[in-house]
Chemist: 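Before anything else, here's the structure in question.
Numbered from 1 within each chain, the chains take letters A, B, ... in sequence-line order. Predicted, not measured: the structure shown is a model, and the values here were computed from it.
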Protein chains: 2
Amino acid sequence: MNRFLSNATNKIDAKGRVSVPSAFRAVLARNGTEELYACQDFVFPAISMAGPEMLDRFEKMISTLDPFSEKANRMSLVIHGGGVFMKLDAEGRLLVTDFIRDFTGITDRVTFAGRGDHFQLWEPGAFEAMQARSRAEDFRVAERPT
Amino acid sequence: MNRFLSNATNKIDAKGRVSVPSAFRAVLARNGTEELYACQDFVFPAISMAGPEMLDRFEKMISTLDPFSEKANRMSLVIHGGGVFMKLDAEGRLLVTDFIRDFTGITDRVTFAGRGDHFQLWEPGAFEAMQARSRAEDFRVAERPT
DNA sequence: TGGGCTCATATGGGCGTCAATGGGACGAGG
DNA sequence: CCTCGTCCCATTGACGCCCATATGAGCCCA
């Protein structure tokens with residue numbers, strides 16, 4: 001499988017590291033992705049991660065604008081200034097930096113959520129709540145008696 | 001990686017020096033950049049820094065204008081009159097001059113923000129505010145509970 | 001079908017290296 | 001003579017690299 005699917009919650013250890021689920025690492029390996037581009041998501045309080053091609057997409061989008069415009073500069077500020085390259089250690093773990101904690105509210109556990117061509121890092125409670133809300137509101141699931 | 005990405009905030013020491021993040025220095029070394037061209041940004045209250053090729057780009061742009069036009073003169077005023085060459089010390093630190101402080105409002109800490117082909121020096125609060133605003137206005141990020 | 005075996009994943013921690021920071025010494029210039 | 005900038009060295013804390021343990025799932029075989 002070459003898409004990021006499903007979700008899993010892992011613990012952050014004493015050194016601030018967390019294991020990326022092996023299913024996700026398998027997709028990365030399959031795509032030959034060594035370095036991960038991480039950025040603050042535009043919609044959710046989550047960090048989105050994918051290979052460098054995600055950054056390329058964003059840059060292409062910016063390049064359609066006048067480079068001296070305020071909008072182009074502000075977008076670059078978010079895309080470039082708000083994005084980081086990260087790499088996993090030999091065991092497939094990543095360091096949960098303040099950059100990630102501050103934006104997501106993550107403290108001691110991380111929920112990894114597959115998003116097809118990328119995956120996201122969520123605070124477990126926030127993920128649960130947002131998924132439940134989306135299921136109820138956006139898909140109009142009928143209420144069922146308990 | 002050959003682009004300036006992510007952001008980091010470092011302290012200014014008693015002698016007015018601040019360490020340039022090693023990730024940025026690595027990009028500079030990769031490009032063989034010894035001297036840095038620094039100028040006041042056109043859009044933000046920040047100092048933009050890159051190798052001399054950034055100055056070349058600006059000069060090329062000006063040369064396309066009528067040299068007697070007011071616009072060309074004003075641009076030169078900013079590019080040349082508002083720009084300086086700086087170099088780092090052996091430990092990769094740069095001196096935060098009044099030129100930088102006055103324009104940015106920087107006092108005791110500096111936020112380095114990657115901008116792809118260059119990077120910027122911001123007053124930490126100003127950077128935070130501008131990025132948050134851009135994320136909200138240009139990317140329509142969802143409000144998140146605090 | 002049940003027991004035990006094996007392997008992979010998740011997790012814990014030691015240790016060396018490097019980056020960020022602090023501060024002294026020296027030399028040029030006002 | 002004093003000030004400022006540069007060079008050099010010291011400290012400390014963070015991070016990367018490596019190895020160790022465990023928990024649990026799947027598998028084989030009786």
Chemist: May I have the distance from B:F24 (atom CZ) to C:dA20 (atom C1'), rounded to whole angstrom?
Modeler: 15 Å

Chemist: C:dT9 P sits how many Å from A:F112 CZ, rounded?
Modeler: 15 Å

Chemist: Taking the side chain as every heavy atom from C-beta outward, state whether B:L88 and B:R25 have any atom pair closer than 4.5 Å.
Modeler: yes

Chemist: Using atom CG of A:N10 as one end and atom P of D:dT23 as the other, report the distance to the nearest whole Å.
Modeler: 16 Å

Chemist: Would you call A:R57 and A:E53 a salt bridge, using N to O less than 4.0 angstrom?
Modeler: no

Chemist: If you define the side chain from C-beta out and look only at heavy atoms, does anything of A:S134 sit under 4.5 Å from A:Q131?
Modeler: no

Chemist: Check the distance between D:dG16's C1' and A:L94's CG and give it to me in whole angstrom.
Modeler: 14 Å

Chemist: Would you say A:K60 and A:T64 make side-chain contact, with heavy atoms under 4.5 Å?
Modeler: no

Chemist: Look at all strands and tell whether A:S19 reaches a base, only sugar-phosphate, or nothing, counting heavy atoms closer than 4.0 Å.
Modeler: base

Chemist: Check the side chains of B:R93 and B:N10 for a donor-acceptor pair under 3.5 angstrom, ignoring hydrogens and angles.
Modeler: no

Chemist: Can the ring centroids of A:F112 and A:F127 be said to lie less than 6.0 angstrom from one another?
Modeler: no

Chemist: If I take atom NZ in residue A:K11 and atom C1' in nucleotide C:dT9, what distance separates them, rounded to the nearest angstrom?
Modeler: 14 Å

Chemist: What does nucleotides 3-10 of chain D look like as a protein-contact string, B for base, S for sugar-phosphate only, - for none, at under 4.0 angstrom between heavy atoms?
Modeler: --SBBBB-

Chemist: Given C:dG22, C:dT11, C:dA19, which nucleotide is nearest the side-chain atoms of B:D13?
Modeler: C:dG22

